[in-house]
2 protein chains.
Amino acid sequence: MLREDGEAFVDDATFLERLERIVGPEGLRAGRLGRALYRRDASFLNAEPLAVCAPATVAQAQQVVRLCREASVPFTPRGAGTGLAGGAVPVAPERAPLVVALGRLDRIIHIDPEHRRAWVQPGVPNARLSERAAPYGLRFAPDPASQIAATLGGNVATNAGGIHCLSEGVTSAHVLAVELLGADGELHLLGGDLPEQGGLDLRGLAVGSEGTFGLVTKACVRLQPLPPQTRTLLAGFPSAVAAARAVSRIVTGDTLPAALELMDREAVELVEPYARAGYPMDAEAVLLAEFEGLPAEVAHGAEAASEACTAEGATSVEIARTAEHRTKLWKGRKGVAGAIAKRAPDFYLHDVVVPRSGLADMLAGVLEIAADEELLVINVVHAGDGNLHPFLLFDREDPGVLDRVLRAGHRIVETALAAGGVLTGEHGVGIEKRDLLGDVYSEDDLAVQRAVRDAMDPSGLANPGKVLPSPQGCAEGTQRLVPEGTWV
Amino acid sequence: MLREDGEAFVDDATFLERLERIVGPEGLRAGRLGRALYRRDASFLNAEPLAVCAPATVAQAQQVVRLCREASVPFTPRGAGTGLAGGAVPVAPERAPLVVALGRLDRIIHIDPEHRRAWVQPGVPNARLSERAAPYGLRFAPDPASQIAATLGGNVATNAGGIHCLSEGVTSAHVLAVELLGADGELHLLGGDLPEQGGLDLRGLAVGSEGTFGLVTKACVRLQPLPPQTRTLLAGFPSAVAAARAVSRIVTGDTLPAALELMDREAVELVEPYARAGYPMDAEAVLLAEFEGLPAEVAHGAEAASEACTAEGATSVEIARTAEHRTKLWKGRKGVAGAIAKRAPDFYLHDVVVPRSGLADMLAGVLEIAADEELLVINVVHAGDGNLHPFLLFDREDPGVLDRVLRAGHRIVETALAAGGVLTGEHGVGIEKRDLLGDVYSEDDLAVQRAVRDAMDPSGLANPGKVLPSPQGCAEGTQRLVPEGTWV
């Protein structure tokens, strides 16, 4: 069949038939339920894909992309779907995209303890790599709270952060090479297993490109020695503002914690009954500060942090004395999202960053906005980085609540930007923040971003509709992303 | 005047006249001597520029670039000219480029101790920033050996390394934002003073782009706390191979040194009479290992390193007991290039990287190649990174020596690549390694690199002839870069 422009047109039925020949029936979901399951990620944006396929090998993935190219079908890469910004939601202006789920490419190809690096496939869950590296005394430092599910491919695509990225830097600092399956159907090795390959740093450019260059089919990541000792400090404060002040004091000291997290009373009340970690229930906010290193180093850091907390009015300061206690404390921190179901059927989790010095004001601002929009808010903060994650709680059955949630979210982002902050900490721009990018970049700068993206994917088939607003200030998609009654 | 294609043609005389109106007579060197002085950088490649201009303000720089654009004159940015790869050598296939020297833009705009960052102009010498940050207890971590002269703009352009980059990472890890004056004459802010701006990481792409995107007119860099304590260990070995083995043993231990340098006997013999640091004159190779941190941490690191050296047969191991002794040791290490004039009138300094485990073999290979080509070689090595800097010594008056030097250099690079290494450690690709990039990248990958470069500078006027080989496998330039008798 030929289109008007003379190119062969591959209709949906033919496309799906050819797709099935590549990935087999077990690698394809084109039915109503399969399409419904892959409408959304951990954001509440959603849209219907043409179909979902899960290649079992890189060769299959390559054939899939070549078919997409031939048929002009856009495709949306997907890891574990834990992203908060809609990066894995299949949208496109013209034709519904194919979701390419990379979960079956889940091999740890090689761990090289001598050079402290590993080659991995994109579907490996983050936590599994550290588990497998542990016998060599090594770990993969970036540890998003969703690390049991979140995949390394998704981590690379979003340049994910994590609780221990305060001292170690985010994903980009830990990725030496990315094998990219471009929308041209070719495999490109960006970077290599040594740093500084010469030429432009396309590796760094690909990290955080949110699937808009193609699929990550392989990555070489740095592994780091497990710390000889760890010490975790828990402090309770009479106000979130006091806790935020303690953060500034700790971070400007001479020992940087490996992790520094803040939770408000609402968060503590949610997780304590389940984690039984001994979080102080009378505090308005708690800080968790973890120090890693040699015994003298962690002792010094914990002592200095303890003094800083006391100086800012902490009502309790405690050191976790056992590994078990430490595990429980982190179980609590990482379990917030899971525990929220007890409070409300739905939540909208935000991801913004402010300069550390603006943390106290920003927290006050979030509380004010939530009160104003009559929403319950729960705050967990990667405090050392100034990265806030306010959970806005709601019940979708509540008439008009979606408007209030969206408005509150927008106001939170605007407040962060006004405080000298940035749009996103670690979940990327996706669809959610796409049209806000114009608040951060000039039209000129966006044009440069677009030119570079076009250079990496001239076809525009790789994860369309994400990250960059269209030059016309497109509203395309956003409306039909959250139609009434399409929650799954 | 109109060219054949109908565009206005600005001849050289008119161009220079208009240039002088922008930068004033004090900002322009168009005479024979001025042009001769800016033929080369610290490589021995050289070519004659159309002229040299040194804008005094960013506004002037912007007018200069706009004039270049209008007149289709290519331009070559220049910092202090300490690069080893010819990145600041003005070459172009058609019209000789204008050298834009950025040394007059040398203001430290703002040091922000609370957020540990500084905004700087490109002409600020690397060492000056750390000097100015010291009263706040801060420093700029990347410290190339040429740091007294080398500018931050040049550091950004080449993604420079340095002695203390073993533990802290190279320049890219310390740059939050780059203000780029594109060849379009517009200022683009890439990144920002907080990490994770959203969108593609063009900041990271610009770091190491070697002037091919335009001029760096401003940068925001991270500052780090000065270490509470420093301990430096000096060990002598009966062979370079033994020293290289000690490196592997130290680096795989539990405390990573801040710096780990290797010098061979030839290097020690050169610098000891001048530095009087107490380097062992009977050793075939010496290691310098520096530990930074809390007292217990540096003591532990130095002790472990000392044991590692002894285990690999070190003939002497000593800890620098005073700050003065430490300063002398580093003065020796950083003074190698300067001291070489005592041994030979000319040198060709290389910059290659191998995996650490291949260091001993690579050193043996360098010695063999030098012997084979009848050249004296002096080895200094950023050993922790596997980054070798062999100095090939020669006298240009010696007939045919240049061929041997170039051949030896080429063989060294090929040996490094065969050992799983990379082309360049910290000086970039420039012209020197441009035509070797095809040994590292496929033609396909080079096409992607070219597409991205074209997206960042569609005009091709920014530092042409650098980094990427032309698709036709161009030999343009290389021949006329080192014509007989053009040494300056």
Side-chain angles (χ1 to χ4, degrees), chain A residues 114-115 159 169-170 172-173 182 186 188-189 192-202 204-205 207-209 225 228 252 254-255 293-297 300 353 355-357 386 420-426 428-429 433 437 440-441 444-446 448-449 451-456 458 467-468, chain B residues 114-115 159 161 169-170 172-173 182 186 188-189 192-202 204-205 207-209 225 228 252 254-255 293-297 300 353 355-357 386 420-426 428-429 433 437 440-441 444-446 448-449 451-456 467-468:
Chain A
E114 186 179 359
H115 295 103
N159 193 11
V170 293
S172 185
E186 301 297 321
H188 301 274
L189 183 64
D193 49 17
L194 287 175
E196 300 270 336
Q197 298 289 308
L200 299 173
D201 182 14
L202 301 186
L205 187 67
V207 177
S209 59
T252 50
D254 62 2
T255 307
L294 295 165
E297 196 182 358
H300 175 87
V353 178
R356 273 192 309 261
S357 54
V422 291
L423 275 182
T424 164
E426 53 192 8
V429 173
K433 290 166 175 171
L437 218 60
V440 180
Y441 292 107
D444 224 41
D445 289 336
L446 284 175
V448 176
Q449 294 251 347
V452 171
R453 176 187 177 148
D454 289 347
M456 293 299 293
V467 187
L468 297 175
Chain B
E114 185 180 0
H115 296 102
N159 193 11
V170 293
S172 185
E186 300 298 321
H188 301 274
L189 183 64
D193 50 16
L194 287 176
E196 300 267 338
Q197 297 291 306
L200 300 173
D201 182 14
L202 301 186
L205 187 67
V207 176
S209 60
T252 49
D254 62 2
T255 307
L294 294 166
E297 197 181 356
H300 175 86
V353 178
R356 274 193 309 261
S357 53
V422 291
L423 276 181
T424 165
E426 54 194 7
V429 173
K433 290 166 174 169
L437 218 60
V440 180
Y441 291 107
D444 223 42
D445 289 336
L446 285 174
V448 177
Q449 293 252 346
V452 171
R453 176 186 176 150
D454 290 347
M456 293 300 293
V467 188
L468 297 176

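First the proteins, then the strands, lettered A, B, ... as listed; each starts at 1.
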Minimal heavy-atom distance between A/Ala451 and B/Ala455, with the atoms involved, is O-CB, 3.4 Å
Rounded to the nearest 0.5 Å, the CG atom of B/Asn159 sits from the CG atom of A/Asp201 at a distance of 7.5 Å
Rounded to the nearest 0.5 Å, the CG atom of A/Leu202 sits from the CD atom of B/Gln449 at a distance of 4.5 Å
From the list B/Ala296, B/Pro355, B/Gly204, B/Gly208, the residue making the most non-hydrogen contacts under 4.5 Å with chain A is B/Pro355
Counting heavy-atom pairs under 4.5 angstrom with chain B, the leader among A/Val452, A/Leu446, A/Val429 is A/Val452
So, the part of B/Val467 with a heavy atom under 4.5 Å from chain A: the answer is side chain
Sorted by chain and number, sequence neighbours left out, side chain to side chain contact (heavy atoms under 4.5 Å, CB included) with B/Thr252 holds for A/Arg116
If one checks every heavy atom of A/Val440 against chain B at 4.5 Å, the contacting part turns out to be side chain
The single option from A/Asp444, A/Val448, A/Asp445 that satisfies side chain to side chain contact (heavy atoms under 4.5 Å, CB included) with B/Glu186 is A/Asp444
Bottom line for A/Leu200: the part with an atom under 4.5 Å from chain B's heavy atoms is both
For A/Arg356 and B/Glu114, the nearest pair of non-hydrogen atoms, with its separation, is NH2-O, 4.0 Å
Turns out that what part of A/Ser172 lies under 4.5 Å from chain B's heavy atoms comes down to neither
Under 4.5 Å to a heavy atom of chain B? For A/His300 that would be side chain
